[in-house]
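Notes to accompany the following structure.
Counting starts at 1 for both ligands and their atoms, in listed order.
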Amino acid sequence: MRQLFFFQKQKNHLLGFVIAFLTALSAYGNTPDSAYIFSYTSGKSFDGLHFAWSVDQINWHPIGPEHSYMHSDYGSWGSQKRMVSPVLFPGVDGMWHCLWSLNETDGNFAHAASKDLLYWGRQSYPVVMADKNCLMPEVSYNKEKSEYTISWLSKNQTETTAWCTTTKDFKTFSATKNIPVAEHKNSRSTVLISGKPETGSINKVAWEMIEGLIKTQQLSVYKNQLWSETTKTDKDRFADLKTVEAKFSLDVTKSKKISNSLLGIFFEDINYAADGGLYAELVQNRDFEYNIADTKGRDKTWNSTKAWSLKGETASYSIDTINPIHPNNKHYAKLSIQQIGAAWTNEGFDGIAIKAGEKYDFSVFSRANTAKVGKLLVRLVGKNGELYGETTTPSITANWKKYNATLTAKTTVADARLEIIPQMTGAVDLDLISLFPQKTFKGHQNGLRADLAQPLADLKPKFMRFPGGCVSHGDGIANIYNWKNTIGPLEARKPMRNLWGYHQTVGLGYFEYFQFCEDAGAEPLPVIAAGVPCQNSSTGGAGQQCGIPMVEMDKYIQDILDLVEYANGDINTKWGKKRAEAGHPKPFNLKYIGIGNEDLITDIFEERFTMIFKAMKEKYPEITVIGTVGPNFEGTDYQEGWDIATKLKVPMVDEHYYQSPGWFIYHQDYYDKYDRSKPKVYLGEYAAHLPGRPNNLETALAEALYLTSVERNGDVVSMTSYAPLLAKDKHTQWNPNLIYFNNTEVRPTVGYEVQKLYGQNAGDEYIPFEINLSNNQESVKTRIALSVIRDSKSKDIIVKLVNLLPVAVNASVDLKNATLGNAVKTVLKGDPSDRNAKPVVATCSASELMNAELPAYSFTVYRIKTTVSNK
Ligand code: AHR
């Protein structure tokens with residue numbers, strides 16, 4: 001593995017562990033040269049490959065017990081990821097090959113190989129049966145033909161059949177052949193593990209291999225114990241701890257260059273972050289394109305009429321698709337008015353919030369179907385009919401046309417409704433019914449909620465990644481986010497199912513993303529699927545087996561190249577012209593593009609990623625392509641992703657890890673060990689997760705602590721973004737998030753305050769330090785952190801100090817060779833469980849740094865005016 005950090009940094013802990021481990025091993029006395037291992041799975045969902053060992057095949061010793069050395073990554077999230085009837089086979093290539101069945105329905109088995117039974121390579125799920133299941137796979141080797149035969153059973157209610165295929169490399173397989181059931185030989189044995197019969201494979205291995213398995217499991221127990229440390233047990237852990245003295249000494253003339261883009265934001269439409277969130281549209285289901293499939297059938301009311309109702313007896317409505325405004329927007333409402341007075345009503349997203357005196361732009365596409373020419377009366381009303389504002393459109397004519405009108409709200413309310421009352425009888429068609437506040441962020445039409453966009457801009461993000469996350473690579477190929485569907489006139493955009501279980505109008509589309517980046521001073525960082533959907537897909541194929549077919553890859557790659565032209569091309573280019581038509585003739589100056597999102601690294605992925613990467617490199621060598629290395633800080637996807645990126649010389653990779661505060665505390669040297677000659681790192685998704693998933697001072701301080709180490713490694717880590725960003729009350733699929741909101745309130749979290757302090761106090765030079773502590777216990781040392789950086793433009797020195805201990809730390813920060821001016825000090829502190837802690841800002845003398853008290857559980861930032869003395 002790339003990181004040996006754990007072993008190197010945690011010397012004291014490790015020493016204790018090694019002693020304990022050796023003591024345990026010595027209990028075995030005179031160990032044998034070889035013994036038997038039994039490989040099996042318990043069959044529980046998301047359970048992996050377990051081992052037990054025995055010297056006599058009678059007494060079996062489970063390791064763990066039931067420690068999983070490999071998990072199956074096939075199928076959608078959660079219970080779908082199953083390993084059924086694994087079989088382990090020593091290959092002639094010196095590798096251990098494991099085959100397993102995936103479920104009771106699919107016609108594929110899974111394969112993975114390992115040299116040491118510890119590190120397992122890529123998984124593959126070859127489809128060997130078109131319409132039958134594939135159970136109990138078996139493997140044998142034919143020496144004469146130098147090939148493996150894989151056989152399996154297929155069962156339905158009436159019959160059991162057997163089938164086989166052959167392979168030399170577990171990558172390509174011969175055509176599936178029907179065989180007599182008797183030819184499918186069962187190699188599995190059933191043994192008693194802790195008194196329970198388990199079925200699996202028995203193999204003889206060298207004792208060292210078993211030792212390796214035991215050691216890995218014990219290390220994993222030990223690591224989990226460290227990483228699950230929380231402040232709840234600090235009372236015991238630090239029972240006798242007194243104030244700690246910490247002396248830091250630095251020479252400001254000695255610094256190293258670090259990335260000046262370390263803090264950015266990651267925007268994904270999850271938790272209603274876009275529609276009903278940042279996107280300021282107030283009408284829900286404005287296009288009548290909601291579809292029950294958006295929620296995968298879970299919400300039966302989720303259809304074209306969701307959020308709409310007809311008030312009044314004198315009219316009826318239907319949803320029609322005959323001759324729509326645009327083929328991408330098929331559905332529209334047809335109102336048949338017998339007597340004027342009926343109101344077509346929209347409830348908004350949990351109501352429509354309006355502010356007294358503010359103006360709202362109403363628009364609608366309409367045509368008088370069989371209706372006489374007449375106007376639409378548009379009103380904002382309360383639940384009990386209170387009138388909050390009204391206006392009328394111009395007269396509606398026979399063909400589809402857009403009509404605009406403006407309303408002024410008389411009252412401030414959180415839950416108004418929009419009513420449209422046709423002032424004529426007969427049938428009238430309505431579509432794309434929209435209501436926007438005029439006060440959007442920077443006043444753009446089709447713009448963003450100012451009260452939500454502003455706190456994002458306040459983070460001073462150096463970049464913004466969008467549109468996901470999982471939203472980028474989608475739930476199945478058909479759900480891959482296609483940027484071309486999200487630009488141009490709203491009525492021509494192609495709405496889509498959001499894989500988080502709702503609907504995307506894509507009104508907040510690529511143009512609006514680019515525009516927001518420009519407004520916020522952030523570099524745009526679009527993420528495009530690497531030709532494969534999310535590994536957790538559950539539609540159109542399980543997981544990632546369904547990469548975009550090769551015959552379609554050229555077109556897919558062209559779409560990606562076109563994106564660069566859309567962002568940067570001259571207005572005379574095809575796609576540059578579209579940008580200009582949208583109102584932005586100047587290029588957006590795109591510098592980065594992400595290819596892939598924490599994908600399962602398979603051959604299918606690698607083939608497609610490589611094609612895209614090479615095409616991008618050839619056509620746009622100036623663009624920094626960011627690759628992907630899986631959803632974790634270690635493991636197969638991480639390792640294989642890094643290998644691909646290193647081989648292809650991808651400039652940067654996107655790492656993701658959501659971990660416990662303890663993990664962040666004990667991984668401050670994670671990047672210290674990174675090879676500087678390899679691709680740079682974009683830490684694209686991370687957050688500290690506590691049980692219950694709060695965003696509180698404890699998680700925020702763990703992140704602040706870790707970010708000091710990221711700044712220290714700002715020569716290899718180029719960018720970071722916390723995830724996810726936004727979450728709407730009552731519509732949250734994921735916790736914690738950085739900002740919670742509803743229609744009227746925006747509630748930045750404590751984690752947000754940490755991000756803001758980092759974003760607003762960024763620099764481009766790192767000043768190393770020496771540290772001297774009065775207490776050198778590992779648990780104390782790892783909870784005190786410092787980072788000193790300089791912003792070469794302002795020449796300000798920024799000192800960030802984190803104290804995650806329950807006692808104060810008296811810090812003395814000696815900045816040698818600096819002439820210190822005034823300082824601004826910001827302190828964020830409180831009880832670790834505090835979800836509302838706010839930073840307190842004060843001016844102070846820089847000399848305070850020589851004797852700074854860091855309160856228990858606190859994050860302190862000093863920003864100091866300074867001039868470096870000439871040496
Ligand atoms: O941030 C939420 C999700 O976490 C992202 O969509 C995905 O990339 C990750 O699994």
Query raised in the report: Non-hydrogen atoms of Tyr686 versus ligand 1: any pair closer than 4.0 Å?
Result: no
Report task. Record the part of Asn597 in heavy-atom contact with ligand 1 below 4.0 Å; permitted values are side chain, backbone, both and neither. Result -> side chain
Requested in this report: Report yes or no: does Ser68 contribute a side-chain atom to a donor-acceptor pair with the main-chain N or O of Gly48 at less than 3.5 Å?
Outcome: yes
Requested in this report: Among residues two or more places apart or on two chains, list those pairs meeting side-chain hydrogen bond (donor to acceptor under 3.5 Å, both in side chains) that have a residue in residues 264-276.
Outcome: Glu268-Trp500, Asp269-Asn498, Asp269-Tyr502, Asn271-Asn737, Asp275-Thr505
Query raised in the report: Short N/O distance, under 3.5 Å, between Cys470 and ligand 1?
Result: yes
Query - Atom pair CG/CZ of Leu701 and Phe859 - distance to nearest 0.5 Å - result: 8.5 Å
Requested in this report: Tell me yes or no: between the side chains of Gln535 and Asp73, is some donor less than 3.5 Å from an acceptor?
Outcome: no
**Report entry** Protein contact of atom 1 (O) of ligand 1 - nearest heavy atom, named by residue and atom, plus distance
**Finding:** Tyr658 OH, 2.8 Å
Query - N-O pairing of Arg497 and Asp475 below 4.0 Å - result: yes
Query raised in the report: Would you call Pro631 a ligand 1 contact, heavy-atom distance under 4.0 Å?
Result: no
Query - Check: Leu738 and Pro748 side chains under 4.5 Å, non-hydrogen atoms - result: no
Query - Nearest-neighbour protein heavy atom for atom 9 (C) of ligand 1, which is reported as residue plus atom name and distance - result: Glu685 OE1, 2.9 Å
**Report entry** Phe466 and Tyr513 aromatic ring geometry - parallel, tilted or perpendicular at 30°/60° bounds
**Finding:** parallel
Report task. Please work out whether any backbone atom (N, CA, C, O) or any side-chain heavy atom from C-beta onward of Trp500 is under 4.0 Å from ligand 1, and answer side chain, backbone, both or neither. Result -> side chain
Query raised in the report: What protein heavy atom sits nearest atom 10 (O) of ligand 1, and how far off is it?
Result: Glu598 OE2, 2.7 Å
Query raised in the report: What residue and heavy atom of the protein are closest to atom 5 (C) of ligand 1, and at what distance?
Result: Glu268 OE1, 3.3 Å
**Report entry** Residue Pro724 vicinity, atoms of ligand 1 by number, heavy atom under 4.0 Å
**Finding:** 1 (O), 2 (C)
